[in-house]
Amino acid sequence: MRRRLVVALLAVGAVLLGVVVNVVDARLLPYGPTGATGEVGEDIGAFPYRVHVSDVRVAETILEPRLFEPGDPVASDGVWVVVTLSYATEDRLRVPSSGRIVLRAEDGREFPVSARSGLTTWLAGPDTWVRGDLAFEVAPDAVEHLTLVFDPGLQIYGPMPMPYARIPLDLADVEVLDAAELAQPVELAVGER
Amino acid sequence: MSDTTPSSSQGGDPRPEAEVPTPPRGVRAPGPVEPWHGPVPPVHGPVGGAGPAGPQPPGQPAGLGQPDPYGRPAADGVTPRAPAPPAPPPPQPHEVWQRPPAAPTPPRRVRWSTVLQVVALVLGLVGTAWVSTDYLRTQWPLAWPRDPVPVSADGTATLAGVTVSLVEARDLGDSPSLPGTDWQPPAGFHAWRVVLATSSTNEDLVSCDVALVDDRDRYFYANTFVDSFVEGYEWSFTCGAADPGSDVPPEQALLVLVPADAEIRSVRIWNTFLNPDVIELPV
């Protein structure tokens, strides 16, 4: 009889422990990858960054950025999607990994920053916004429903939130350009994006 | 107390608590359990304790007169029969049933298997935690500079053979006149001039990072987002031992881009190889 009572008490204790853990977990900060969805033209937080997408172009070719002359055209078997974005940090000088900034199609395919574009991610400082272009090579059938995923790739060891930004790009009616010229990163004035 | 205690709870049952007698039919159960005030049976003795007949008479071997738990015949070849338990008296209409006294518990034995399981559990948890915290124990303390070294009364701080003092930290405003360049800070930013007097005997270092830190713990790095070729300013901060033919001045001036609303509190100088120690000079 006593053993049955002990088993019953243990079962009740296990249920209560699960309830308490769930309640505590719901009150804590979310941890693991935590996505924040924003729109083109607004600031989105992806700690320790804040990201702002200001323009998106679709083109058959791109022109590599050069300082004093037009760059060489670079064609693609798909289409080029050039995203003009700016970002700043919240604490110190950082540069995001270009491998963690992708265009995600509706069916889950991910298109990374093209290594053939001659541009990659750039430095940014605390509240020091820097704007530049990132070029992606995308399959033509995936252009209509793309989402820019900006993942800081911050390595946090422990139950901490690891936020990333999702910015849907509405490219259903966008005009496909013959060529898009890429711009070098430039520091922005306060309030400018 | 009546002797309604069944024999199963007095001797021979290794799990005396497994069966708790219930009151006979027609007898109401009592309210709170009263403490047992009767004679306490001896704890040590034959298995099962003393039976209803009481303790064994002197000179009689233990267990004699009781049934063998394994059914073995007695020495005389006759299997002893267990004494019949006393029949409970018929319940009286107004008799109150009393819970029988608890049977004597056998002496506790050390369960070595349980001890080994607990030890193995603890060792497993400690080992798992040790392995999983390898990064926190080895790399994380060196991940960034966070332990400022003491600053002497004359404003100098020494770390790994590098002695630094702050000569000047001045806000040049939003439109500074810098020699040899027409560079201007973006709107909403100011340029800061930081001059550090340095002497070093550390031959393993070449340059160190320098940043202005504000009250919100934001780090504004020197020589970043500014013109790198301004006359009179260094494009990096040399903190290693200077070569004999080096033209590094004893006081190095650096240019820093800072938001206009930043409240600068200190200058930090660090190198990854010196983590987690850092030089922090108040402004």
Side-chain angles (χ1 to χ4, degrees), chain A residues 1-10 14 31-32 43 45-50 52 54 67 85-97 120-132 152-160 162 183-193, chain B residues 9 15-22 99 102-103 105 129 132-141 143-146 174-175 183-191 209-227 256-264 268 270 278:
Chain A
M1 188 66 179
R2 185 183 298 173
R3 294 197 176 191
R4 291 176 185 170
L5 183 62
V6 169
V7 170
L9 288 177
L10 285 175
Y31 53 87
D43 296 352
F47 185 83
Y49 294 91
R50 280 183 293 152
H52 184 104
S54 52
L67 286 178
L85 76 160
S86 55
Y87 51 81
T89 72
E90 297 186 19
D91 50 358
R92 60 191 65 202
L93 193 71
R94 295 179 184 273
V95 56
S97 170
T120 183
T121 50
W122 50 86
L123 280 171
D127 293 321
T128 306
W129 289 79
V130 183
R131 183 178 61 213
L154 201 62
Q155 291 192 338
I156 300 177
Y157 294 83
M160 296 286 289
M162 290 181 287
Q184 294 277 6
V186 58
E187 298 90 41
L188 303 176
V190 170
E192 193 179 355
R193 296 292 184 266
Chain B
S9 64
R15 297 169 54 194
E17 72 280 9
E19 297 180 6
V20 175
T22 56
R99 183 181 298 276
T105 56
S132 62
T133 58
D134 179 73
Y135 174 83
L136 293 178
R137 288 181 291 101
T138 60
Q139 301 298 319
W140 184 79
W144 57 78
R146 66 176 188 281
D174 56 357
S175 56
W183 175 85
Q184 292 292 309
F189 288 86
H190 287 187
D209 293 314
V210 177
L212 291 174
V213 185
D214 74 345
D215 57 343
R216 292 160 57 187
D217 206 29
R218 294 183 296 178
Y219 282 55
F220 303 103
Y221 284 55
N223 302 319
T224 305
F225 308 125
V226 298
D227 192 333
V256 191
L257 184 69
V258 177
D261 62 346
E263 294 286 341
I264 299 300
R268 281 203 166 200
W270 74 96
V278 61

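Each chain gets a letter, A, B and so on, in the order its sequence line appears, and its residues count up from 1.
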Electrostatic pair B:Arg216:A:Asp127 at N-O distance under 4.0 angstrom: yes

A:Val190 side chain near B:Phe189 side chain, heavy-atom distance below 4.5 Å: yes

Exceeds 12 heavy-atom contacts within 6.0 angstrom, atom CZ of A:Arg4: no

Close side-chain approach of B:Tyr219 and A:Thr89, heavy atoms under 4.5 Å: no

Over all atoms of both residues, closest heavy-atom pair of B:Arg218 and A:Glu90: CG-O, 3.9 Å

Closest heavy-atom pair and its distance - B:Pro259, A:Pro126: CG-O, 4.3 Å

Taking every non-hydrogen atom, the tightest pair across B:Pro186 and A:Ala189: CB-CA, 3.9 Å

